[in-house]
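Report on one structure; see the data block that follows.
The first residue in the sequence is number 1, and the count goes up from there. Predicted model, so just to flag it, every value in this text is computed and none were measured.
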Amino acid sequence: MGKDTIADIITSIRNADMDKKGTVRIASTNISENVVQILLREGFIENVRKHQESNKHFLVSTLRHKRNRRGIYRNIFKRISRPGLRIYSNYQRIPRILGGMGIVILSTSRGIMTDREARLEGIGGEILCYIW
C-alpha cells in the first residue's frame, strides 16, 4: 500500500476483478470507508464488512457477480486527481460519464460524494475518480 489511498482502492478492486476473485481486502481509513460506502450504495460492490487482524483494520468487500454466476461484472475505474496533479471542478462543470450511467466520485467540503449529490447540493470539489 502506498500513500495514495484512492489509487490503492482502485488497484485492489481492479486486480481482484481481473483475477476473478470474489472478495477484496482494503486497508480501512476514513477515505476508503466513504468510497467503499459509495460503491456499495451505487451497486458496484455487493457487500462490505470490517475485519481486524493483529491491531490492523481492513474492509473486506464482496464484488458483484453476474446473474449466471460465470464471472464478475467488469467495472472500469479511472483515477483522475492524483498527488502530483489535483483536478478540481465547480458543480456546473462536473463531467457526466456515459451520459449519466457512470459516476464521478468527488471530495467536497461536505465529504466524499457522487456527482449527482454534488450537483443537487450545488457544490464542487476535487474529482477523485470515474467509474462506469
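- Of all heavy-atom pairs between Y91 and I123, the closest is CB-O, 3.4 Å.
- Geometrically, R14 does not engage F77 in a cation-pi contact defined by less than 6.0 Å to the ring centre and at most 45° from the axis.
- In terms of heavy atoms, D115 sits closest to I103 at OD1-CA, 4.1 Å.
- Of the inter-residue distances, the one linking T11 atom OG1 with I26 atom CD1 reads 10.5 Å to the nearest 0.5 angstrom.
- From N34, atom CG reaches atom CG of L39 across 11.0 Å, with rounding to the nearest 0.5 Å.
- Between the side chain of D17 and the backbone N or O of I13 there is no donor-acceptor pair closer than 3.5 Å.
- Of the inter-residue distances, the one linking R79 atom CZ with I87 atom CD1 reads 10.5 Å to the nearest 0.5 angstrom.
- Clustering ILVMFWY residues whenever any of their side-chain heavy atoms sit less than 4.5 angstrom apart, transitively, puts V35 in a cluster other than the one holding V60.
- Contact between S61 and V36 at its shortest, heavy atoms only, is OG-CG1, 3.9 Å.
- Side-chain atoms of R86 never come within 3.5 Å of backbone atoms of E126 as a donor-acceptor pair (strictly under, hydrogens ignored).
- Judged purely by atom type and a 3.5 angstrom limit, S32 uses its side chain to pair as donor or acceptor with the backbone of A27.
- Scanning both residues, S89 and I127, for their nearest heavy atoms gives CB-CD1, 3.7 Å.
- Formation of a donor-acceptor pair under 3.5 Å by the R119 side chain with backbone atoms of I94 is found in this model.
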